[in-house]
*Asks:* 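This is the structure, below, for whatever I ask next.
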Amino acid sequence: MFLIIVGTGAMGQIIRECAAADGDFEKIVMVEPLENNWPEEKADLLIDFSHPESVRGIYEYCRIHRGGIPVVIGTTGHSETEEQLIGMIEKICPLVRKSNFSRGIEAINHIAVKGKEMLPAADIRIEEVHHTKKKDAPSGTAKTLGEILEVGEESMSSLRMGNVVGVHKVYFALEDEEVEIVHRAHSKRIFAQGAIEAGKKVVSRKRNNLT
Ligand SMILES: NC(=O)c1ccc[n+]([C@@H]2O[C@H](COP(=O)([O-])OP(=O)(O)OC[C@H]3O[C@@H](n4cnc5c(N)ncnc54)[C@H](O)[C@@H]3O)[C@@H](O)[C@H]2O)c1
C-alpha cells in the first residue's frame, strides 16, 4: 500500500514511525504542505495531521487523481472556507475525520452522554490542557464534546503549558457534589495508531466493495 502522510511535524513523524512498523505500507511519502512537495503517483491512503490550510492542497491532489483515495483527517481548527473544502474532498473520496483518534476519548464521548442523562440538572463544564505549541483553542476534542453535550464555548476552558500531550475533563456540578470524567493522553502514539487503523479500515472496505 502507498501511504501519503500530510504534515512533517510532531504527529507526521510519529505516524511515519508507526506506519513503517505496521508492515502493510510498501511506500510511505511525507508531504510538507508549506513546500507543496506532492508526489506524482496516486496514493492508496492519505493521512493528514498538519495545518487547516493544507486542505486546499489535499483537495487538489485528490481531484487531479480523479478521487477515490481514502483520506483520514486528524488536523483540527478548520475555518468555514476550509470546512467547505473538506466537504468537496468528501464528495470525491471516502473520508474519515476525528478530532481525536484515541480509544479513550471515543469512550469518554459515550460516558459523558450517560452522565448528562443521569444528571440532567448538573452544570456541565469542559476543560482541556495541552502543550504550548498547540495552535487552536479550545481543542477540537473539547469542541466535539461540546457538540455532543450541547455545551457552548463559554462553558469550556483551555490551558497551554509545558509539553502536556492532552488532558480533557468533563465536570457535572450539582448542589454540594460534583462528578468529573477525565482522559489523559500520555503519548501522541495513540492518535497515530488510531488514525492508521481507521485508514486501513476504509481501504479494506473500498477493496471489498470493488471485488
Ligand atoms: N485528531 C487527533 O487525534 C489529533 C491528535 C493530535 C494532534 N492533532 C492535530 O494534528 C495537527 C498537527 O499536529 P502536530 O502536533 O503534528 O503539529 P506541528 O506543528 O508539529 O506540525 C504541523 C505541520 O503543519 C505544517 N504547517 C504549518 N503551517 C502551515 C500552513 N500555514 N499551511 C500548511 N501547513 C502548515 C508544518 O510545516 C508541519 O508540517 C494539529 O491540527 C493538531 O491539533 C489531532
Side-chain angles (χ1 to χ4, degrees), residues 3-20 28-39 43 45-62 70-86 89-90 95-110 126-148 153 156 158-168 183-202:
L3 168 68
I4 287 184
I5 301 167
V6 182
T8 59
M11 281 306 302
Q13 299 293 343
I14 294 171
I15 292 167
R16 187 184 52 181
E17 274 172 39
C18 294
I28 302 170
V29 167
M30 296 187 79
V31 169
E32 170 47 60
L34 292 175
E35 288 168 16
N36 216 18
N37 55 343
W38 288 89
L45 175 63
L46 187 154
I47 301 182
D48 164 49
F49 277 70
S50 59
H51 185 280
E53 284 173 21
S54 307
V55 287
R56 192 168 294 280
I58 296 170
Y59 172 68
E60 278 308 312
Y61 176 82
C62 293
V71 174
V72 175
I73 296 185
T75 302
T76 58
H78 297 93
S79 68
E80 251 175 59
T81 313
E82 289 152 357
E83 289 291 342
Q84 281 169 13
L85 279 160
I86 292 173
I89 296 170
E90 199 169 15
L95 176 79
V96 188
R97 187 185 179 199
K98 277 192 193 177
S99 53
N100 194 307
F101 276 96
S102 76
R103 280 173 295 180
I105 287 290
E106 180 93 28
I108 288 249
N109 289 344
H110 292 282
I126 297 167
E127 188 181 272
E128 55 101 350
V129 189
H130 282 89
H131 52 91
T132 50
K133 288 187 185 138
K134 184 159 179 67
K135 296 197 175 75
D136 53 328
S139 66
T141 307
K143 284 187 187 169
T144 304
L145 271 164
E147 278 162 29
I148 292 170
E153 287 190 22
M156 298 181 194
S158 303
L159 266 180
R160 296 289 172 262
M161 58 189 198
N163 63 346
V164 178
V165 177
V167 179
H168 288 89
H183 177 264
R184 286 193 176 83
H186 295 299
S187 157
K188 290 187 174 182
R189 203 165 278 274
I190 57 173
F191 311 123
Q193 271 158 348
I196 291 170
E197 232 169 78
K200 281 168 62 171
K201 264 191 207 156
V202 187

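Atoms within a ligand are numbered from 1 in the order they appear, just like the ligands themselves.
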*Asks:* Is ligand 1 under 4.0 Å from a heavy atom in the side chain of Glu53, in the backbone, in both, or in neither?
*Replies:*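 Side chain only.
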*Asks:* Please determine, by modelled atom types, if Glu82 and Ser79 share a side-chain donor-acceptor pair under 3.5 angstrom.
*Replies:*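 The criterion, which ignores hydrogens and geometry beyond distance, is satisfied for Ser79 and Glu82.
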*Asks:* With under 30° as parallel and over 60° as perpendicular, where do the rings of His130 and His168 fit, or are they tilted in between?
*Replies:*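 Because their plane-to-plane angle is over 60°, the rings of His130 and His168 count as perpendicular.
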*Asks:* For atom 23 (C) of ligand 1, tell me which residue out of Ser50, Ser102, Ser99 has the closest non-hydrogen atom.
*Replies:*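 Nearest heavy atom to atom 23 (C) of ligand 1 lies in Ser50.
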*Asks:* Under 4.0 Å from a heavy atom of Lys134: give me the atoms of ligand 1 that qualify, with their elements.
*Replies:*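 Those qualifying, in numeric order: 43 (O).
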*Asks:* Suppose we measure from atom 26 (N) of ligand 1 to each protein heavy atom; which comes out shortest, and what is that distance?
*Replies:*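 Residue, atom and distance for the closest contact: His51 CB, 3.6 Å.
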*Asks:* Just verifying a value: how many Å separate Asp48 CG and His51 NE2, rounded to the nearest 0.5 Å?
*Replies:*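 Asp48 atom CG to His51 atom NE2 measures 11.0 Å (nearest 0.5 Å).
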*Asks:* List the closest protein heavy-atom neighbour of atom 20 (O) of ligand 1: residue, atom name, distance to the nearest 0.1 Å.
*Replies:*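 Looking only at protein heavy atoms, the one closest to atom 20 (O) of ligand 1 is Ala10 N, 2.8 Å.
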*Asks:* Please identify which atoms of ligand 1 are closer than 4.0 Å to at least one heavy atom of Gly7.
*Replies:*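 Reading through ligand 1 atom by atom, the close ones are 39 (O).
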*Asks:* Which distance, rounded to the nearest 0.5 Å, do you find between the CG of Leu85 and the CD of Glu60?
*Replies:*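 Rounded to the nearest 0.5 Å, the CG-CD separation comes out at 9.0 Å.
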*Asks:* Does some non-hydrogen atom of the protein lie less than 4.0 angstrom from atom 17 (O) of ligand 1?
*Replies:*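 So far as the 4.0 Å threshold goes, atom 17 (O) of ligand 1 is out of reach of every protein heavy atom.
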*Asks:* What is the closest protein heavy atom to atom 37 (O) of ligand 1, and at what distance does it sit?
*Replies:*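 Going by distance alone, atom 37 (O) of ligand 1 is nearest to Glu32 OE2, 2.7 Å.
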*Asks:* So if I count the atoms of ligand 1 from 1 in the order they appear, which ones are less than 4.0 Å from some heavy atom of Phe101?
*Replies:*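 Counting from 1, the qualifying ligand atoms are 1 (N), 2 (C), 3 (O).
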*Asks:* Would you check if Ile126 and Pro138 make a side-chain contact, meaning some heavy-atom pair closer than 4.5 Å?
*Replies:*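 Counting from C-beta outward, Ile126 and Pro138 never come under 4.5 Å.
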*Asks:* Looking at atom 9 (C) of ligand 1, what's its closest protein heavy atom, distance included?
*Replies:*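 Scanning the protein heavy atoms, the shortest distance from atom 9 (C) of ligand 1 goes to Gly74 O, 3.6 Å.
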*Asks:* Looking at CD of Glu90 and SG of Cys62, how far apart are the two atoms once the value is rounded to the nearest 0.5 Å?
*Replies:*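 Rounded to the nearest 0.5 Å, the CD-SG separation comes out at 12.0 Å.
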*Asks:* So which protein heavy atom does atom 13 (O) of ligand 1 come closest to, and at what separation?
*Replies:*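 Closest protein heavy atom to atom 13 (O) of ligand 1: Met11 CG, 3.9 Å.
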*Asks:* Answer yes or no: is there a side-chain heavy-atom contact under 4.5 Å between Trp38 and Val6?
*Replies:*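 Yes - at least one pair of side-chain heavy atoms lies under 4.5 Å apart.
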*Asks:* Of the protein's non-hydrogen atoms, which lies at the shortest distance from atom 43 (O) of ligand 1, and what is that distance?
*Replies:*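 Answer for atom 43 (O) of ligand 1: Thr76 OG1, 2.7 Å.
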*Asks:* Could you establish whether Lys98 and ligand 1 come within less than 4.0 Å of each other, counting only heavy atoms on the residue side?
*Replies:*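 Yes.
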*Asks:* Looking only at protein heavy atoms, identify the closest one to atom 4 (C) of ligand 1 and say how far it is in Å.
*Replies:*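 Nearest neighbour among protein heavy atoms for atom 4 (C) of ligand 1, to 0.1 Å: Phe49 CE2, 3.4 Å.
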*Asks:* State if Lys188 counts as touching ligand 1 under the rule of any non-hydrogen atom under 4.0 Å.
*Replies:*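 Yes, Lys188 has heavy atoms under 4.0 Å from ligand 1.
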*Asks:* Do me a favour and list the nearest non-hydrogen protein atom to atom 21 (O) of ligand 1 with residue, atom name and distance?
*Replies:*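 Here the closest protein heavy atom is Gly9 CA, 3.4 Å.
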*Asks:* Would Glu83 and Arg97 pass as an ion pair if we require N to O under 4.0 Å?
*Replies:*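 Between Arg97 and Glu83 there is a salt bridge, with a charged N closer than 4.0 Å to a carboxylate O.
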*Asks:* Need the ligand 1 atom indices (1-based, order shown) with element for anything under 4.0 Å from a heavy-atom of Ser54.
*Replies:*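 Those qualifying, in numeric order: 33 (C), 34 (N).
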